[in-house]
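Accompanying notes for the structure given below.
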There are 2 protein chains.
Amino acid sequence: MSRSAMTKIKNSMKRRTDALSRDQIVEEAIDLLDQSGEAGLTFQALSKRLATGPGAIYWHIADKNDLLTAACDAIVARTMNETLAGGTPKENVRQLALGIFDAIDAHPWVGSALASIPGELPVVRILERIGQQMRALRVRDDALWPVTSAFLSYILGVGRQNGANAQLAREKGLDRSTVLSEVSTGWYQLDADEYPFARSIGAQFRAHDDRIDFLTGIDLILGGIDTM
Amino acid sequence: MSRSAMTKIKNSMKRRTDALSRDQIVEEAIDLLDQSGEAGLTFQALSKRLATGPGAIYWHIADKNDLLTAACDAIVARTMNETLAGGTPKENVRQLALGIFDAIDAHPWVGSALASIPGELPVVRILERIGQQMRALRVRDDALWPVTSAFLSYILGVGRQNGANAQLAREKGLDRSTVLSEVSTGWYQLDADEYPFARSIGAQFRAHDDRIDFLTGIDLILGGIDTM
DNA sequence: ACCTGAACACCGTTCAAGT
DNA sequence: ACCTGAACACCGTTCAAGT
């Protein structure tokens, strides 16, 4: 925050005087992503904010993917620090899941970024936390990977989708309730014989709360573990 | 298939003689996506295959997103036709889920395409099929949406991730086992105190089967429904 | 060691001109 | 009604030249 304020002061000058740093670039990228979405992150716009040329960034960052991973990791790392694992294993899983959900809600671009960097640090941070709770739940050893992986897939899957929805709504300049009613209206106009469910679920869909539904899914999987 | 063969004959001629059609463009786009991945689908490459100019495509297709949605829907529609809902509700859900999984395995680009078009026809086809099975399972009325949504998120989440993995591996020119061992080696080099789980799960991760693990997740959610 | 900024390659989309 | 293909706007990345 204060770093971003400092940068704005610097922006009023033609050219920066101090040296660039990788962290500085990443922070400015996060700011830019939050303000103008994934499409808004260009090396041109970023270098202008940093009061330098686009080539300068490449001294500190390998390429755009590297930049996105780093930005993503900064958000995930912060989220992990904020959601400590101090409760029962199930409570910890819920807390972690909600933490990721809220982080993607606040930074929609994180959703899609996480999906394009499997196995890299940000994802491993989440995987680690889930896996530790599964151990604590005494999940059978040979089921540890599939169970942990199911949670990870679900959490990232929902996150990705919500992020995409939010970015889509922003691009079109629509708010959430407008999008919901547009979609459900579309469903209602589908063929009655082929799409009875989609037509009938419209009202529930229009009124649904993403965060609560997300938690329902987490609890379904947690419930499934008990019946294994 | 035979349509694609026909097109190849036409490609050897300088300029096409018959009229273009939306279906033709979509089929050729699928072919191109399968052969060269998401990055390979450009209007330049596509119009060359169709023996026409890039502008011609815009008479039949609104923009690239429209094209991707249409290609995606063609694959999903075929998949739905192939996996009929003739068993018990739980069997039907498993069958549908595996059908989508296999379709994305065969066409990795479908994974990411599905995520960027929420609420549109291809996704609704899947939603409808799941919802009908949830009805048959006698899921409480007010839980229909969250439960159906949880399945959808999980199925699309895993699909998206597998698609991304496959495309990533192809870009780097690596096969699956190489990627798996590279990732698990990376995990093993993490800090022992901070990442005990990631370090210990490497062997299981290297030997895991995505399709089986995916089904485990489906069964976890199905199991959770019984405990609701 | 680090930065500059013009230049390159590429891509989605448009549009005046054709048939 | 449908197609042509040059042109435009934009973007990631490179690199010779600077300090």
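These numbers come from the heavy atoms of this one structure, side chains and all, not from hydrogens, waters or symmetry mates. Letters A, B, ... mirror the listed sequences (proteins, then strands); counts begin at 1.
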>> Both A:A39 and A:G55 contact DNA chain D. Taking the nearest nucleotide for each, which residue is further toward the 5' end?
In response: A:A39

>> Heavy-atom nearest nucleotide on DNA chain C for A:A56 versus A:Q44: which residue maps closer to 5'?
In response: A:A56

> Can you check the A:I57 CD1 to D:dT14 C1' distance for me, whole Å?
Replying inline: 14 Å

>> For a quick check of understanding: with a heavy-atom distance under 4.0 Å over all strands, which category does A:L41 fall into, base, sugar-phosphate or nothing?
In response: sugar-phosphate

> Parallel, tilted or perpendicular: which fits the ring planes of A:W187 and B:W145, with parallel below 30° and perpendicular above 60°?
Replying inline: tilted

> Rounded to whole angstroms, how far apart are CD on A:Q24 and P on C:dC2?
Replying inline: 13 Å

> Side chain of A:K64: nearest nucleotide among D:dC3, D:dT13, C:dG12?
Replying inline: D:dT13

> Whole Å only: how far is the CD atom of A:E38 from the P atom of D:dC11?
Replying inline: 14 Å

> What's the CZ-P distance between B:F43 and D:dA9, to the nearest Å?
Replying inline: 20 Å

> A:Y58 has an atom OH; how far is it from atom P of D:dT13, in whole Å?
Replying inline: 3 Å

>> Between P on D:dC2 and CD1 on B:I25, what's the gap in Å once rounded to a whole number?
In response: 11 Å

>> Among D:dT13, C:dC2, D:dA1, which nucleotide has an atom closest to any side-chain atom of A:W59?
In response: C:dC2

> Choosing from D:dC11, C:dC11, D:dT13, which nucleotide comes nearest the side chain of B:T42?
Replying inline: C:dC11

> What nucleotide, of C:dC3, C:dT14, D:dC3, holds the atom closest to the side chain of A:H60?
Replying inline: C:dC3

> B:P54 has a side chain; which of D:dA6, C:dG12, D:dG12 sits nearest to it?
Replying inline: D:dA6

> Side-chain donor-acceptor pair under 3.5 Å between A:Q161 and B:S153, yes or no?
Replying inline: no

> Taking a pair as Watson-Crick or G-U wobble with both distances under 3.5 Å, which nucleotide is matched to D:dT14?
Replying inline: C:dA6

> Taking atom types as modelled and ignoring hydrogens, do the side chains of A:E28 and A:Q24 form a donor-acceptor contact shorter than 3.5 angstrom?
Replying inline: no

> Considering only D:dT13, C:dT13, C:dG12, which nucleotide approaches the side chain of B:D63 most closely?
Replying inline: C:dT13

> Within this structure, what is the CG-to-P distance between B:L67 and C:dG12, rounded to whole angstrom?
Replying inline: 10 Å

> Only one of A:V26, A:I117, A:L41, A:V110 clears side chain to side chain contact (heavy atoms under 4.5 Å, CB included) with A:L68; which?
Replying inline: A:L41

> For C:dA1, which nucleotide in any strand shown is its Watson-Crick or wobble partner with both distances under 3.5 Å?
Replying inline: D:dT19

> Looking only at side chains, do B:T178 and B:D175 share a donor and an acceptor under 3.5 Å apart?
Replying inline: yes

>> What is the separation between atom CG on B:L46 and atom P on C:dC10, rounded to the nearest whole Å?
In response: 18 Å

